Protein chains: 2
Amino acid sequence: MQPVRNDIHNSDLPILCQSCESRHQGICGALSPEQLTQLARQTRRVHHAAGEELLGDAMPITGYGNVLRGVIKLSKVLEDGRQQVVGLQFAPDLLGRLFAKESRVAAEAASDVDLCMVPKAAMENLVRENPALEHRIMLQTLRELDEARDWMVTLGRKTAAEKVASFLYLIASHIDPAQGEVTTFDLPLSRADIGDFLGLTIETVSRQVSKLKADGVIEIENYRHVSVPDIARLRVRCG
Amino acid sequence: MQPVRNDIHNSDLPILCQSCESRHQGICGALSPEQLTQLARQTRRVHHAAGEELLGDAMPITGYGNVLRGVIKLSKVLEDGRQQVVGLQFAPDLLGRLFAKESRVAAEAASDVDLCMVPKAAMENLVRENPALEHRIMLQTLRELDEARDWMVTLGRKTAAEKVASFLYLIASHIDPAQGEVTTFDLPLSRADIGDFLGLTIETVSRQVSKLKADGVIEIENYRHVSVPDIARLRVRCG
DNA sequence: CGGCCTCTTGAACCTAATCAAGACCTGTGG
DNA sequence: CCACAGGTCTTGATTAGGTTCAAGAGGCCG
């Protein structure tokens with residue numbers, strides 16, 4: 001257990017914010033204690049179970065959500081139903097596109113998630129009077145763009161084996177916002193979702209996972225719980 | 001020929017800026033005539049021939065480039081040489097990632113290009129004293145993120161035939177910044193580059209282009225010059 | 001226990017990659 | 001002017017990686 005991080009005016013902060021990761025690496029770090037206190041009056045903490053839809057493609061955006069815990073799956077579908085997962089969001093990412101009238105992706109809780117919801121108008125007013133906040137959001141957007149482009153390489157140029165290894169490595173390095181790479185974790189996505197993320201079928205994902213297991217690169221319990229004894233051996237399989 | 005668009009204080013503007021597309025749809029629209037005049041003292045217009053490298057992956061960024069004419073290819077490579085084109089930039093996009101020390105992609109002139117180069121420090125100072133400018137850049141970044149995610153669907157879930165149709169449609173709808181969709185154009189990319197953009201081989205690209213031609217969806221002269229008699233017929237082939 | 005879901009594994013098939021040859025364009029030099 | 005070299009692009013034949021189709025195993029909950 002880590003003690004709650006202490007910094008100036010910690011005791012003046014709203015209780016919910018005191019231990020919140022978003023204040024450190026996320027967007028709330030751009031706010032003064034006064035702004036945080038004012039904002040906290042308008043936010044509410046919500047929980048969604050795995051599988052719940054948070055935001056439909058082309059649906060109006062009513063607010064923004066700071067991811068506190070869990071994983072969110074962003075996806076797009078073609079008319080005939082083919083689906084592609086275009087991104088995952090972990091704590092302390094911000095869900096919802098700034099100033100957009102409607103979403104350009106569908107968002108679904110991949111695992112159980114906790115969000116800190118901010119009403120659309122409150123967030124946008126705060127951004128207007130606080131350029132540093134827009135700057136923080138800009139940095140997150142640039143990071144998302146980098147991640148999307150990295151994933152384009154995975155989708156366009158890697159083999160099925162490399163794709164699955166890349167996915168496992170992505171999860172291992174993002175699932176815990178406080179630590180970096182982690183050697184044991186639960187997969188937040190089903191095989192079907194992993195397939196939709198990697199541009200593969202369920203069967204191919206399953207076969208490649210079995211192969212990594214047979215080769216001793218990973219261990220698996222109950223389909224979802226993964227251990228990586230030597231993360232470097234996983235990394236070299238990413239291509 | 002279109003007349004130069006006229007607006008307030010047009011005559012006060014630097015000559016180079018007067019007919020520049022970037023003032024209308026691009027980032028320079030966020031600047032006052034005074035700021036534009038001041039900025040214009042530090043910019044220089046440069047030309048690059050097709051194939052020239054503008055920026056290497058992990059190379060230090062020395063400035064920003066407003067695309068005035070032509071197409072820029074952004075790409076990433078794996079250690080073993082496999083390449084993926086992760087984006088194209090057209091006028092009036094801004095080349096170069098704001099505040100980053102080094103680039104995360106390689107940039108190459110796909111066709112002959114003209115750029116309006118702004119020194120790194122000049123642009124960053126301007127951004128710091130002008131939040132509206134950062135806002136404009138934010139909007140472009142969000143657009144790039146949308147495009148990257150759209151392309152992830154193409155890479156992950158479309159067939160070779162749909163990929164090639166999607167590429168041709170992308171070019172038809174972006175090559176001319178002033179108009180929207182265009183029915184005749186020169187391909188700014190070689191078959192090899194198209195393959196690297198679509199996650200296909202040269203041969204597969206060539207076969208699918210030939211098929212579209214045989215089906216009467218497109219006409220081709222000299223490998224590079226394309227006509228699309230009915231753009232709706234192309235669009236339905238995008239999947 | 002039985003139904004339902006997710007996941008795994010096997011066999012057949014198919015799309016796109018690979019290997020290979022030749023066509024077409026361009027520029028150079030005799 | 002033609003011959004030839006060096007690109008890029010096209011087309012054909014073969015191969016292979018991943019999909020599809022099919023069956024069964026394992027976990028969860030009534």
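This one's a predicted model, so the numbers in the text were calculated from it and none came from an experiment. Within every chain, numbering begins at 1; the chains are lettered A, B, ... in the order of the sequence lines, protein sequences first and strands thereafter.
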Between [Y] and [X], is there a salt bridge with N-O shorter than 4.0 Å?
X	Y	value
A:Glu162	B:Arg82	yes
A:Lys73	A:Glu53	no
B:Arg97	B:Glu144	no
B:Lys76	B:Asp57	no

Distances for protein N or O near nucleotides 7-9 of chain C N or O, under 3.5 Å:
from	atom 1	to	atom 2	distance (Å)
C:dC7	OP2	A:Arg191	N	3.2
C:dT8	OP1	A:Arg191	NH2	3.1
C:dT8	OP2	A:Arg191	NE	2.8
C:dT8	OP2	A:Ser206	OG	2.7
C:dT8	O5'	A:Ser206	OG	3.0
C:dT9	OP2	A:Ser210	OG	2.5

Exercise. Under a criterion of less than 4.0 angstrom to any heavy atom of chain A, what are the 5'-terminal and 3'-terminal contacting nucleotides of DNA chain D?
Worked result: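 Contact boundaries, 5' end first: D:dG18 to D:dG26.
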Exercise. Does any non-hydrogen side-chain atom of B:Asp176 lie less than 4.5 Å from one of B:Phe185?
Worked result: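 They are not in side-chain contact.
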Problem set entry | Student check: side-chain heavy atoms of B:Leu155 and A:Trp151 closer than 4.5 Å |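 With C-beta onward as the side chain, the pair stays apart.
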Exercise. Taking atom NZ of B:Lys211 as the centre, does the number of heavy atoms from other residues, nucleotides or ligands within less than 6.0 Å exceed 12?
Worked result: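 No, the 6.0 Å shell around NZ holds no more than 12 heavy atoms from other groups.
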For this session: For B:Gly195, report the nucleic acid contact type (base, sugar-phosphate, nothing); a contact means any heavy atom under 4.0 Å.
Result: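 Answer is nothing: B:Gly195 stays at 4.0 Å or more from every strand.
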Problem set entry | Check: A:His48/A:Glu52 side-chain N/O donor and acceptor closer than 3.5 Å |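 A donor-acceptor contact under 3.5 Å links the two side chains.
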For this session: Answer yes or no: does a side-chain N or O of B:Thr201 lie under 4.0 Å from OP1 or OP2 of C:dA16?
Result: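 So the side-chain polar atoms of B:Thr201 never come under 4.0 Å of the phosphate oxygens OP1 or OP2 of C:dA16.
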Problem set entry | Nearest-Å distance for atom pair CZ/C1', residues A:Arg157 and C:dA17 |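 Taking CZ of A:Arg157 and C1' of C:dA17, I get 11 Å after rounding.
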